[in-house]
Amino acid sequence: MGRDIGRSNHWALYNNGVLFTQGDISSGDPYNRASPFNFANGSGGALVLQNIPMTVGSVFELASREPAPPAIMRA
């Protein structure tokens with residue numbers, strides 16, 4: 001089991017700029033090298049990842065970013 005380092009990321013898959021699926025993953029999740037995360041568990045489900053139309057010049061993109069820090073409330 002990997003160590004919990006308190007990080008999280010939001011990920012998204014795009015084909016030619018069109019969002020297919022997205023989700024969040026964090027260091028507290030049960031995923032590791034032996035049991036990796038499956039993109040079929042994203043918001044679009046497994047079906048959006050099947051028969052993706054690809055042609056010469058298509059761009060398939062995996063984007064990952066850290067979530068924005070929580071806003072600080074001031075009185």
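Side-chain heavy atoms closer than 4.5 Å link hydrophobic residues (I, L, V, M, F, W, Y) into clusters, and following such links, possibly through other members, connects Leu62 to Phe37.
One N or O on the side chain of Asn32 and one on the backbone of Ser35 form a donor-acceptor pair closer than 3.5 Å. For the pair Thr21 (side chain) and Ser43 (backbone), a donor-acceptor distance under 3.5 Å is present. Looking only at distances, a side-chain donor or acceptor of His10 sits under 3.5 Å from a matching main-chain atom of Gly23.
Note that CD1 of Ile25 and CG of Asn41 are 10.5 Å apart. Values are rounded to the nearest 0.5 Å.
Shown here for Ser26 and Ser8, the closest heavy-atom pair between the two residues is CB-CB, 3.5 Å. Nearest heavy-atom pair across Phe60 and Met54 is CB-CE, 3.9 Å. Closest non-hydrogen pair, Asn16 versus Ser58, comes out as OD1-CA, 3.4 Å. Residues Leu19 and Ala12 come closest through the heavy atom pair CD1-CB, 3.7 Å. Closest approach of Tyr14 and Ala63 over heavy atoms only: CE1-CB, 4.1 Å. Closest approach of Asn9 to Glu66, counting heavy atoms only: ND2-N, 3.8 Å.
For Asn38, the CG atom counts as densely surrounded, since its 6.0 Å shell holds more than 12 non-hydrogen atoms of other residues, nucleotides or ligands.
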Full working for side chain to side chain contact (heavy atoms under 4.5 Å, CB included) between Phe39 and Phe20: CA-CA 10 Å; Phe39 289 116; Phe20 269 43; over 6 Å; no
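Side-chain contact between Leu13 and Val48 is absent, with no heavy atoms from C-beta onward closer than 4.5 Å.
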